[in-house]
Amino acid sequence: TYQAVHVKSLESQRFRALITARKLVKSKTVDVQNCIQGLLDGFGLRFDSGRFASFHRRTQEVICKHPAVGRIICPLLEIRTKLLAEMAEYERQIEEVARDDSVCQLLMTAPGVGALTALLFRTSIDMPTRFRRSRDVGPHLGLVPKTYQSGATERRGRISKRGDAAVRAALYCAALTSLRGNTRSSWLKSWGQQVANRRGRKRAAVAIARRLAVVLHRMWVTNSPFRWELGSVERASPA
């Protein structure tokens, strides 16, 4: 009657807690920055937000001519600076964990996969042997189209978006990165560009994300790095 539910290892839970804390600090940093911009807009002190890193300097340039407004904004700038420092510390820990973890190092040989994406995928899958086939990872992460069937009618809609949303978003970003013109060429990039020519860039990125998830799982199972020119591990080994 009941199906067994996989309980993640303590190590995966610890890694995911680190990623969750970093995500929270990043979101609060954006909230504080948006609040600063909104308060300044109320006083007619608008400026081009520009790059995230130079926001502090440009805000100070605006409020230095308005001391009364500055007394309101300066504490928020200090909070933002503290949050940025904490986020940098979390990112340093993520880089350290990925550097010391053999699975993450293996996954990072794939195009567009950095420390954060590799750690997210590792903690989401946790045990690769619980998937009988590598291609089952795509549906598990919600990267396959939903199907509607009624009588003789059958329609395929958008992706189901079930499973781990953080991993799905990270794989999508990795797919967009691999589609860039200045990135290293691979069979995955060539295949994705063909899909983009037929269906558009966004759909191609989703297709690459699904296939990348399958390939990453096969790499993990076979303990093989990504093959840039000779074909995917997915093709080399039965999935």
Side-chain angles (χ1 to χ4, degrees), residues 1-23 93-147 149 156-175 177-178 186-188 191-192 205-228 230-239:
T1 305
Y2 299 99
Q3 293 183 350
V5 176
H6 174 72
V7 179
K8 293 184 179 180
S9 63
L10 290 177
E11 186 179 44
S12 293
Q13 294 182 39
R14 179 171 62 87
F15 292 160
R16 181 51 68 95
L18 176 62
I19 296 172
T20 303
R22 179 252 182 200
K23 181 181 178 180
Q93 293 184 40
I94 290 174
E95 293 284 347
E96 181 180 353
V97 168
R99 184 177 63 250
D100 297 338
D101 189 80
S102 59
V103 175
C104 289
Q105 287 295 310
L106 179 67
L107 299 178
M108 287 167 63
T109 61
V113 178
L116 181 59
T117 303
L119 197 58
L120 277 168
F121 187 85
R122 187 199 187 288
T123 56
S124 179
I125 302 302
D126 192 34
M127 291 180 57
T129 53
R130 66 191 180 103
F131 295 94
R132 188 169 60 87
R133 300 173 302 180
S134 293
R135 58 187 177 187
D136 293 337
V137 177
H140 175 74
L141 297 177
L143 288 169
V144 294
K146 293 184 291 186
T147 303
Q149 291 179 325
R156 302 185 72 187
R158 298 183 178 182
I159 58 174
S160 64
K161 293 186 179 180
R162 295 183 178 179
D164 198 326
V167 180
R168 189 166 56 249
L171 291 174
Y172 183 81
C173 291
T177 301
S178 65
S186 65
W187 65 268
L188 185 62
W191 176 79
V206 174
I208 293 176
R210 186 209 67 81
R211 196 159 193 180
L212 182 60
V214 175
V215 172
L216 289 177
H217 180 267
R218 180 51 47 179
M219 289 167 53
W220 191 352
V221 170
T222 60
N223 195 29
S224 304
F226 182 80
R227 302 180 182 180
W228 292 83
L230 299 178
S232 71
V233 221
E234 179 187 5
R235 294 174 184 171
S237 304

Could you state the interatomic distance from [atom1] ([X]) to [atom2] ([Y]), rounded to the nearest 0.5 Å?
X: Leu18; Y: Ile94; atom1: CG; atom2: CD1; result: 4.5 Å
X: Leu106; Y: Thr222; atom1: CG; atom2: OG1; result: 7.5 Å
X: His140; Y: Ser124; atom1: NE2; atom2: OG; result: 4.5 Å
X: Thr177; Y: Tyr172; atom1: OG1; atom2: OH; result: 11.0 Å
X: Met219; Y: Met108; atom1: CE; atom2: CE; result: 11.0 Å
X: Arg227; Y: Ser186; atom1: CZ; atom2: OG; result: 14.0 Å

Next item on the list: Mind running side chain to side chain contact (heavy atoms under 4.5 Å, CB included) on Glu11 and Arg122 for me, showing each step along the way?
Entry: CA-CA 10 Å; Glu11 186 179 44; Arg122 187 199 187 288; 3.2 Å; yes

Is there side-chain contact between [X] and [Y], with heavy atoms separated by less than 4.5 Å?
X: Leu116; Y: Arg22; answer: yes
X: Ile125; Y: Leu216; answer: no
X: Leu143; Y: Leu171; answer: yes
X: Arg218; Y: Val214; answer: no
X: Trp228; Y: Pro111; answer: yes

Would you name the heavy atoms of [X] and [Y] that are closest together and state the gap between them?
X: His217; Y: Phe121; value: N-CZ, 3.9 Å
X: Ala115; Y: Ala98; value: CB-CB, 3.6 Å
X: Ile208; Y: Ser178; value: CG2-OG, 4.0 Å
X: Thr123; Y: Ser12; value: CG2-O, 3.6 Å
X: Pro128; Y: Val221; value: CB-CG2, 3.9 Å
X: Leu119; Y: Cys104; value: CD1-SG, 3.7 Å

Note to self: Parallel, tilted or perpendicular: which one describes the rings of Trp187 and Phe226, with boundaries at 30° and 60°?
What the structure shows: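 Trp187 vs Phe226 ring planes: parallel.
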
Notebook entry, point to check: Any chance CZ of Arg130 has more than 12 other-residue heavy atoms, nucleotides or ligands included, within less than 6.0 Å?
Noted result: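 Enclosed: over 12 neighbouring heavy atoms sit under 6.0 Å from CZ of Arg130.
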
Next item on the list: Would you mind telling me which of His6, Lys8, Gln13 makes a side-chain hydrogen bond (donor to acceptor under 3.5 Å, both in side chains) with Asp126?
Entry: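 That would be His6; it is the only one of His6, Lys8, Gln13 passing the side-chain hydrogen bond (donor to acceptor under 3.5 Å, both in side chains) with Asp126.
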
Note to self: Looking at Arg16 and Leu120, would you say the former's side chain and the latter's main chain have a donor-acceptor pair under 3.5 Å?
What the structure shows: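 Such a contact is found between Arg16 side chain and Leu120 backbone.
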
Checklist line | Heavy-atom donor-acceptor pair, Arg168 side chain to Lys161 backbone, under 3.5 Å | finding: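 Confirmed, Arg168 side chain pairs with Lys161 backbone.
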
